[in-house]
Amino acid sequence: MGLRFAEMQEMYSGIVKRFNKIEGQPWQAQGAMIELTKQVGELAKQVMLKEKYYAWTGDEEEVKERLGNEMADVIAQVMRLAEYYQIDLEQAFIEAREDEENYLRSRNV
């Protein structure tokens, strides 16, 4: 069985604290946003490779692995921002899905 979302957040929070020790200072929101943007770009590159937009004939399994890794990195940076702004990301996710559900019901969908 995998980790619960809160456990994933706790795991990443510990990693961030360790990085802070070697980076000299904790990242502010700007640093996390820059890193998130970078990670989204790296994710986009892996999607481009997977969907054959690039003339690349490398290992498909390697691309799939990198694709998952980049998705995880994007989630990690969102977690970092949530921690910085003291947002309960799990609760925010649930509330956002409930809002969508209510909207879809209002449209009879």
Side-chain angles (χ1 to χ4, degrees):
M1 182 176 176
L3 297 176
R4 291 180 31 250
F5 190 76
E7 293 169 326
M8 292 168 49
Q9 285 181 292
E10 187 176 317
M11 173 192 284
Y12 189 62
S13 180
I15 289 170
V16 167
K17 287 176 184 164
R18 292 170 62 200
F19 269 113
N20 287 344
K21 289 180 181 179
I22 61 173
E23 291 171 343
Q25 65 180 350
W27 287 8
Q28 304 300 312
Q30 298 88 341
M33 278 304 304
I34 291 167
E35 183 65 16
L36 174 59
T37 302
K38 182 190 120 215
Q39 294 300 338
V40 169
E42 291 178 9
L43 173 58
K45 179 181 178 183
Q46 297 310 312
V47 169
M48 298 285 286
L49 287 168
K50 181 76 175 154
E51 297 301 320
K52 310 274 192 258
Y53 282 94
Y54 295 140
W56 182 77
T57 57
D59 182 15
E60 285 287 323
E61 276 306 307
E62 183 180 335
V63 171
K64 185 175 180 182
E65 183 179 319
R66 281 193 257 151
L67 189 59
N69 186 282
E70 297 306 338
M71 287 178 186
D73 288 346
V74 168
I75 291 169
Q77 292 312 307
V78 171
M79 287 177 172
R80 186 177 247 186
L81 280 168
E83 185 170 319
Y84 181 82
Y85 286 116
Q86 298 179 338
I87 292 171
D88 181 337
L89 195 53
E90 188 172 10
Q91 186 61 38
F93 182 90
I94 291 167
E95 290 172 6
R97 303 299 69 82
E98 288 172 349
D99 289 347
E100 290 170 341
E101 178 66 28
N102 291 336
Y103 172 74
L104 291 169
R105 282 186 185 160
S106 77
R107 302 289 307 265
N108 295 317
V109 180

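Small disclaimer: the values here were computed from a predicted structure and weren't measured.
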Do you know the tightest heavy-atom contact between [X] and [Y]?
| X | Y | result |
| --- | --- | --- |
| Tyr84 | Trp27 | CD1-O, 4.1 Å |
| Leu67 | Gln46 | CD1-CB, 3.7 Å |
| Ala76 | Tyr12 | O-CE2, 3.2 Å |
| Tyr54 | Leu49 | CD1-CD2, 3.6 Å |
| Ile87 | Ala92 | CG2-CB, 4.2 Å |

With a 6.0 Å cut-off (strictly less than), is the heavy-atom count around [atom1] of [X], excluding the residue itself, greater than 12?
| X | atom1 | answer |
| --- | --- | --- |
| Tyr53 | OH | no |
| Met48 | CE | yes |
| Glu62 | CD | yes |
| Glu23 | CD | yes |

**Request:** Kindly determine whether Met79 and Ile75 satisfy side chain to side chain contact (heavy atoms under 4.5 Å, CB included), including the steps that lead there.
**Result:** CA-CA 6 Å; Met79 287 177 172; Ile75 291 169; 3.8 Å; yes
**Asked** Going by heavy atoms in the side chains, are Glu7 and Met11 under 4.5 Å from each other?
**Response**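 Answer no - side chains too far apart.
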**Item:** Beyond-backbone contact of Glu83 with Val16, side-chain heavy atoms, under 4.5 angstrom
**Value:**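 With C-beta onward as the side chain, the pair stays apart.
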**Message:** Assess the residue pair Leu89 and Gln9 against the criterion (side chain to side chain contact (heavy atoms under 4.5 Å, CB included)); give the C-alpha distance rounded to whole Å, side-chain angles, the decisive distance to 0.1 Å, and a yes or no.
**Reply:** CA-CA 9 Å; Leu89 195 53; Gln9 285 181 292; 3.5 Å; yes
**Message:** Go through it in stages, so that I can follow the logic: the residues are Arg66 and Glu70, the test is salt bridge (Lys or Arg N to Asp or Glu O under 4.0 Å), and I'd like the CA-CA distance, side-chain angles, deciding distance and then a yes or no.
**Reply:** CA-CA 6 Å; Arg66 281 193 257 151; Glu70 297 306 338; over 6 Å; no
I'd like to know if [Y] and [X] are part of one continuous hydrophobic network [Ile/Leu/Val/Met/Phe/Trp/Tyr, side-chain heavy atoms within less than 4.5 Å].
| X | Y | value |
| --- | --- | --- |
| Val74 | Ile34 | no |
| Leu104 | Phe93 | no |
| Met71 | Ile15 | yes |

**Message:** Applying side-chain contact (heavy atoms from CB on, under 4.5 Å), can you list everything that pairs with Glu95, at least two apart in sequence or on another chain?
**Reply:**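 By the side-chain contact (heavy atoms from CB on, under 4.5 Å) rule, Glu95 matches Gln91, Glu98.
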**Item:** Presence of salt bridge, Lys64 and Glu60, under 4.0 angstrom
**Value:**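 No, no charged N to carboxylate O under 4.0 Å.
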**Asked** Is Lys38 paired with Glu35 through a side-chain N to carboxylate O contact shorter than 4.0 Å?
**Response**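 Counted as a salt bridge, because a side-chain N and a carboxylate O are separated by less than 4.0 Å.
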**Asked** Between Arg107 and Tyr103, is a side chain to side chain donor-acceptor pair (under 3.5 Å) present by the stated rule, with each step listed?
**Response** CA-CA 6 Å; Arg107 302 289 307 265; Tyr103 172 74; 2.7 Å; yes
I need the [X] [atom1] to [Y] [atom2] distance, nearest 0.5 Å.
| X | Y | atom1 | atom2 | answer |
| --- | --- | --- | --- | --- |
| Glu101 | Ser106 | CD | OG | 10.0 Å |
| Leu43 | Leu36 | CG | CG | 10.5 Å |
| Tyr85 | Leu81 | OH | CG | 7.0 Å |

**Prompt:** Are the side chain of Thr37 and the backbone of Met33 linked by a donor-acceptor contact shorter than 3.5 Å?
**Reply:**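 Side chain of Thr37 to backbone of Met33, a donor-acceptor pair under 3.5 Å: yes, one is there.
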**Criterion salt bridge (Lys or Arg N to Asp or Glu O under 4.0 Å) on Glu100 and Arg97, from CA distance to verdict** = CA-CA 5 Å; Glu100 290 170 341; Arg97 303 299 69 82; 2.7 Å; yes
